[in-house]
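Structure, as structure tokens:
Reminder, nothing fancy here: chain letters follow the sequence lines and each chain counts from 1. What you are looking at is a predicted structure, and each value in this text was computed from that prediction instead of being measured.
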Protein chains: 4
Amino acid sequence: MDFSSDNAWGVVPEIMAAIESANSGTAASYGNDAWTERLGKAFSDLFERDVAVFPVFTGTAANSIALACATAPWGAIYCHPESHIHIDECGAPEFYSGAKLLPIEGPAGKFSAASLEAAQINWGDRGVHSVRPMSVSITQATEAGTLYSLAEVEAISEVAKKYKLALHMDGARFANAVSALGCTPAELTWKRGVDLLSFGATKNGALAAEAIVVFTPRLVEGLEYRRKRAGHLSSKMRFVSAQLLAYLEDALWLRLAERANARAKRLAEGLQRLGVVPAYPVEANEIFVWLSMADMDALNAKGARLWPWTNVVQGGKVMTRMVTSFATPEKDIDAFLSELKKLAGK
Amino acid sequence: MDFSSDNAWGVVPEIMAAIESANSGTAASYGNDAWTERLGKAFSDLFERDVAVFPVFTGTAANSIALACATAPWGAIYCHPESHIHIDECGAPEFYSGAKLLPIEGPAGKFSAASLEAAQINWGDRGVHSVRPMSVSITQATEAGTLYSLAEVEAISEVAKKYKLALHMDGARFANAVSALGCTPAELTWKRGVDLLSFGATKNGALAAEAIVVFTPRLVEGLEYRRKRAGHLSSKMRFVSAQLLAYLEDALWLRLAERANARAKRLAEGLQRLGVVPAYPVEANEIFVWLSMADMDALNAKGARLWPWTNVVQGGKVMTRMVTSFATPEKDIDAFLSELKKLAGK
Amino acid sequence: MDFSSDNAWGVVPEIMAAIESANSGTAASYGNDAWTERLGKAFSDLFERDVAVFPVFTGTAANSIALACATAPWGAIYCHPESHIHIDECGAPEFYSGAKLLPIEGPAGKFSAASLEAAQINWGDRGVHSVRPMSVSITQATEAGTLYSLAEVEAISEVAKKYKLALHMDGARFANAVSALGCTPAELTWKRGVDLLSFGATKNGALAAEAIVVFTPRLVEGLEYRRKRAGHLSSKMRFVSAQLLAYLEDALWLRLAERANARAKRLAEGLQRLGVVPAYPVEANEIFVWLSMADMDALNAKGARLWPWTNVVQGGKVMTRMVTSFATPEKDIDAFLSELKKLAGK
Amino acid sequence: MDFSSDNAWGVVPEIMAAIESANSGTAASYGNDAWTERLGKAFSDLFERDVAVFPVFTGTAANSIALACATAPWGAIYCHPESHIHIDECGAPEFYSGAKLLPIEGPAGKFSAASLEAAQINWGDRGVHSVRPMSVSITQATEAGTLYSLAEVEAISEVAKKYKLALHMDGARFANAVSALGCTPAELTWKRGVDLLSFGATKNGALAAEAIVVFTPRLVEGLEYRRKRAGHLSSKMRFVSAQLLAYLEDALWLRLAERANARAKRLAEGLQRLGVVPAYPVEANEIFVWLSMADMDALNAKGARLWPWTNVVQGGKVMTRMVTSFATPEKDIDAFLSELKKLAGK
């Protein structure tokens, strides 16, 4: 009954097999190997156009390097106040870019195009006295487990273009988003004006592999230098690239995400039947619910791993996060719901 | 006949097995797992005292984070002009620390305690007009494939202590050094006054795993924050820690290094028999020799992977580097020597 | 009728005379001169205890260097969303410190001790995943022309101490605050737990001279190096120090501030008589009022220099800022009010 | 008998008068004043073409901001090992740019075009593993009191252009160089391929005023933001700009430098008559001589201010630096020589 994080789960067999398979003979180091060479085509196929792709070990590195390419040290990055880059990466985007993050409020982990425009009107033309907004980062799926619709991405993109802001998408759970929206990767990204994407694989079955995908060629400048000087150019890169190749092969990435999303749906529906209404729409693989500490403790005693997501207490309850993965067993969901039902005395 | 780099070789079976073995069930993310928990004891046993240990993905990250903990932004780091941190990490130590690197010359990849003292006399007391030296970094084994003797480390350490400089050891090839010197890890590090160690595993058979080992507790301050904001805190850390645990188990790390060193010796002796005298003493697993471009091309045509190590041409020859690993076959060495012999018309 | 800024006014005669007087013979450069030497005693006398004092050219430099001494790169600085360090210094505090600014809302340019505690409860214990709050910066007088009472400073200080946060005061208008509160400099700072002060002089009659005053000795570490590498150690420092000495002599600084505050009061009272109610309490030398663009244009046509302070429009009006200085003529105030009266058709 | 530094001398009357003259009425702050507006034309006239000019308070700021505009964080800056940016600014260029400084040796404070090319061949094409050289900084007059000839500047410039390196000139003593070379400012800078100039005034009679002059328009990008976030945008900028205007007016800057250079010549000739041969050619206003500590102490006892310039002792002597300024009295020179003569027992 581990719903603590998709990161709590290991590596899917297909990817583990790819790592093993790559472990044969010698290969040129630092990305000059055959696996890494194949990445360009694999990702260009996936996105239906030429893209530049750069593997790194973690999503924090992917986000930070991408944003640093899009934002000068005296620049600013718009983001949601609950975004990973703002509260969960210990200032990594600032460390890599030197820029400032400007949070834009909005419900359920999302901000609107109108809010972006309002923020820009406030920050955009102060001259040298303020940092100059240069990029926007949206998370898809969001940290609240919700989704930006294609139309919402497009609307944000239009404001970004209007003000010459680069548009970055934190796709740590990109697969869950694409699967849930039923669109193509292209439709969710460059066709909507996304300039850079952090393409996540680790949360969805890889060991440690993320890719920075750049759609707007001029933003590639310096990227490889930034990756190297951050220590994210793997000497045995073939093992990172092999993960990404296996992840894309036969749409494994989408099948895994589909499973994770289905599990979340099953869990959410069960919760609602028990009167536990998720705080946000359950659109990907994350569920946020309000529970009393007593219930949380009781569930943990039965084998769950829950904890308060924030320090906010409302009506005696705290919010907790539940995440499903490609490997979450249906029986764990059912067992959890059964325990919750007992608690509710129903 | 691939002598291009120890990084060109893959993952040893024991470490691959450990990765697979760790891939079972769920585990808390970001290092709160059972494998990472065991690292503390494993490394403390190895070093015969309590140490703090922090896994990261790459040697560049290990070096840079360690040095940033030991050196303020207005500080300076003494190092050899051919050290990895100075010329092969694209300014990563400067990026992480903000500090300046001050190279100290010396033959065969090493500088002496006397040269360190001379540098300090030059740089040490300029007040606020110059950066303030705060740390010293030595590489063991060096980038020239040589070793600092225990006495040499101690002499450097004494100068460092005299001037209150922290002593860092870049141990990307620490195993090769310990094996060659026939000392204990403790004798080569904290017993000689080393404050921080970048303990390498990747070049010697791991997939992507290095450890920052801190002997001087006050230098740990902020280290975990620095690692996180650099994107080097793995979400599925168990797979990094499992590599390190397997690497240490049953002295695997030393057995691998012993093999690599032995292969280098075999190659070096063969070269010398053919009149090709290494540029530096062959004390670990690297050999540097001067070859004509014609010979280099001919050998590459036969399956070698050689290239000029620097742009310097001397007497019509360029220097090339040959590295042996735990997996370099003896037959490759013999085949290479045989080709070289043919070239020499002997 | 220039109420655009206190910075629009020049240098008071006493300080200009001090600059001229310092221009005699040679003096050791970079702060090793007799004027700079006297600063320590002058400021220690002013604050009734030993303090460390470091002159710089600008308030941005003073704030940024002070905050960098109190906040690690992985740290965070609490501040008001309208504070100068957050919106008017182009990211200087982030540039100098590497840290993140966390704005805390509050009316009239101030946040409360309770809001600080709430922010800390939110941010304080997220482990390495978030930046670690390390300092608090309050502005006195605030950017809204209001004042923190001694009790309010003390309450904020208590929360800061509870959570081991350093307390910085941006005193760009420190003189106006001390004068208005009728307290001593000591009472407003270290006696209330302030650790570092940016002591402003430029806005109040100096040419270009601010002082970083440090009450908590451990925070001095590295300060002089930070100042030097930012280019804020004047080679002919005597001319900066001479300004500060003249500013303190015979309480010139307080007399100038008293005059500026009195002018603001006169202007505010006049405005209120005409039905123009300041948006915030007028407690120092700044007045914020809502005017229609038509009125603003008409007043500017008569010689005023007014412009919208933000892009917000409310009820057809925009906010404008009016600042009085030590040199603002009473006749300018009366003339301005007269014009405004004509506009109002009264 | 103060030959310690040109910074030891104060402000020339013409510049002090200009500061006083600017102290009248109100002026828009942060550089939007009439004085600053006139700078553009004044400098464009001086350089016989359109230039962009940005006043700052110090030479360290001028150098660092200029170099940051020309060099990415993963870039490198070639400079002389004794250059001010390398050893006398406490890492300011690295702080502002993030880049690495690569010193190029050469006698008498200068490096040659051939040495630059050799350095580039060594550093230029290492791919992402090394920082990428992006700029070259030469000092004119050098830190050794010598000059690059026009032909030498041109030769360096040609190598720079060949490798797409921006060329920066640290002109802290630009006036002394122009005066000594008898050329025009244009001939020494952009006509020889210089892209950015730190135009010094402080050492030559200003209070605190330097100008960044940019000849290559694309390098201006971000410059004003960098200046602001470093705290070098003066709120009362008119007083900085007024210094620069007065400095240029009626060729004051050249007349002052001519005087300083003539004084140095007088001193150097006197020294040589006494058998004290300067270590480097005396081509501007600095003289370096080897003296015994006993002689130095004796001269200091008579009112001189001499100290060892480095920690090097050669044949019982240390090197000391003597600098003349626009205000060094001839009688001080003669008195000093007279004391030295007595010491020599001649």
Side-chain angles (χ1 to χ4, degrees), chain C residues 2 4-13 16 19-20 22-30 33 56-65 88-96 202-203 206-208 210 224-240 305 325 327-328, chain D residues 2 4-13 16 19-20 22-30 33 56-65 88-96 202-203 206-208 210 224-240 305 325 327-328:
Chain C
D2 192 338
S4 63
S5 174
D6 25 14
N7 278 324
W9 296 89
V11 182
V12 293
M16 189 60 88
I19 293 173
E20 286 160 27
N23 193 25
S24 164
T26 63
S29 52
Y30 294 113
D33 59 84
V56 292
F57 290 109
T58 65
T60 294
N63 286 337
S64 300
I65 293 171
D88 291 312
E89 299 185 352
C90 197
E94 291 94 334
F95 172 50
Y96 278 78
T202 309
K203 287 184 199 296
L207 190 155
E210 309 275 310
E224 291 185 88
Y225 286 92
R226 291 186 189 277
R227 179 176 59 173
K228 173 65 190 175
R229 73 198 313 249
H232 279 280
L233 179 64
S234 177
S235 58
K236 297 184 176 173
M237 181 69 95
R238 57 169 143 166
F239 296 106
V240 181
R305 290 188 59 224
S325 88
T328 305
Chain D
D2 191 338
S4 63
S5 175
D6 25 15
N7 279 323
W9 296 88
V11 182
V12 292
M16 189 59 88
I19 293 173
E20 285 160 28
N23 192 26
S24 164
T26 62
S29 51
Y30 295 112
D33 59 84
V56 292
F57 290 110
T58 65
T60 294
N63 286 337
S64 300
I65 293 171
D88 291 312
E89 299 183 353
C90 197
E94 291 95 333
F95 172 49
Y96 278 77
T202 310
K203 288 183 199 294
L207 190 154
E210 310 275 312
E224 290 184 88
Y225 287 92
R226 292 187 187 276
R227 178 176 62 172
K228 173 64 190 176
R229 73 198 313 245
H232 279 280
L233 180 64
S234 178
S235 57
K236 297 185 177 174
M237 181 69 96
R238 57 171 143 165
F239 296 106
V240 181
R305 290 188 58 223
S325 88
T328 305

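Taking chain C as the reference chain and counting heavy-atom pairs below 4.5 Å, the highest number among D:Lys203, D:His232, D:Met16, D:Glu20 is found for D:His232. Across C:Asn63, C:Thr58, C:Asp33, the residue that shares the most heavy-atom pairs under 4.5 angstrom with chain D is C:Thr58. When each of C:Ala27, C:Ala61, C:Ser29, C:Gly25 is checked for heavy-atom pairs under 4.5 Å with chain D, C:Ala27 comes out on top. Counting heavy-atom pairs under 4.5 Å between each of C:Leu207, C:Thr60, C:Leu233 and chain D puts C:Leu207 at the top. Counting heavy-atom pairs closer than 4.5 Å to chain C, the top residue among D:Ala22, D:Gly59, D:Ser24, D:Ala28 is D:Ala28. Taking C:Val56, C:Thr26, C:Val240 one by one and counting their heavy-atom pairs under 4.5 Å with chain D, the maximum is reached by C:Thr26.
Put simply, the side chain of D:Lys236 gets close to the backbone of C:Gly10: a donor and an acceptor are under 3.5 Å apart.
Residue contact with chain D, scored on non-hydrogen atoms closer than 4.5 Å, involves the backbone and the side chain of C:Tyr96 alike. Using a 4.5 Å cut-off between heavy atoms, C:Ser235 touches chain D through backbone and side chain atoms alike. Of the atoms belonging to C:Ala206, it is backbone heavy atoms, and not side-chain ones, that fall under 4.5 Å from chain D. Of the two parts of C:Ile65, neither the backbone nor the side chain holds a non-hydrogen atom closer than 4.5 Å to a non-hydrogen atom of chain D. Within the 4.5 angstrom heavy-atom criterion, no atom of C:Arg226 approaches chain D. Of the atoms belonging to C:Thr202, heavy atoms from both backbone and side chain fall under 4.5 Å from chain D. Residue C:Ala230 touches chain D through both its backbone and its side chain, counting heavy-atom pairs closer than 4.5 Å.
In this structure, the separation between CZ on D:Phe57 and CZ on D:Arg227 is 9.5 Å, given to the nearest 0.5 Å.
Between C:Pro93 and C:Ser64, the closest heavy-atom pair is N-OG, 3.4 Å. When every heavy atom of D:Gly91 is checked against every heavy atom of C:Arg229, the shortest pair comes out as O-NH2, 3.3 Å.
Residues C:Phe239 and C:Ser234 fail the side-chain proximity criterion, which asks for heavy atoms closer than 4.5 Å.
With D:Phe95 as the aromatic partner, C:Lys228 does not meet the cation-pi criteria of under 6.0 angstrom to the ring centre and within 45 degrees of the ring axis.
Listed by chain and number, the residues in a salt bridge (Lys or Arg N to Asp or Glu O under 4.0 Å) with C:Asp2 are C:Arg305 (sequence neighbours excluded).
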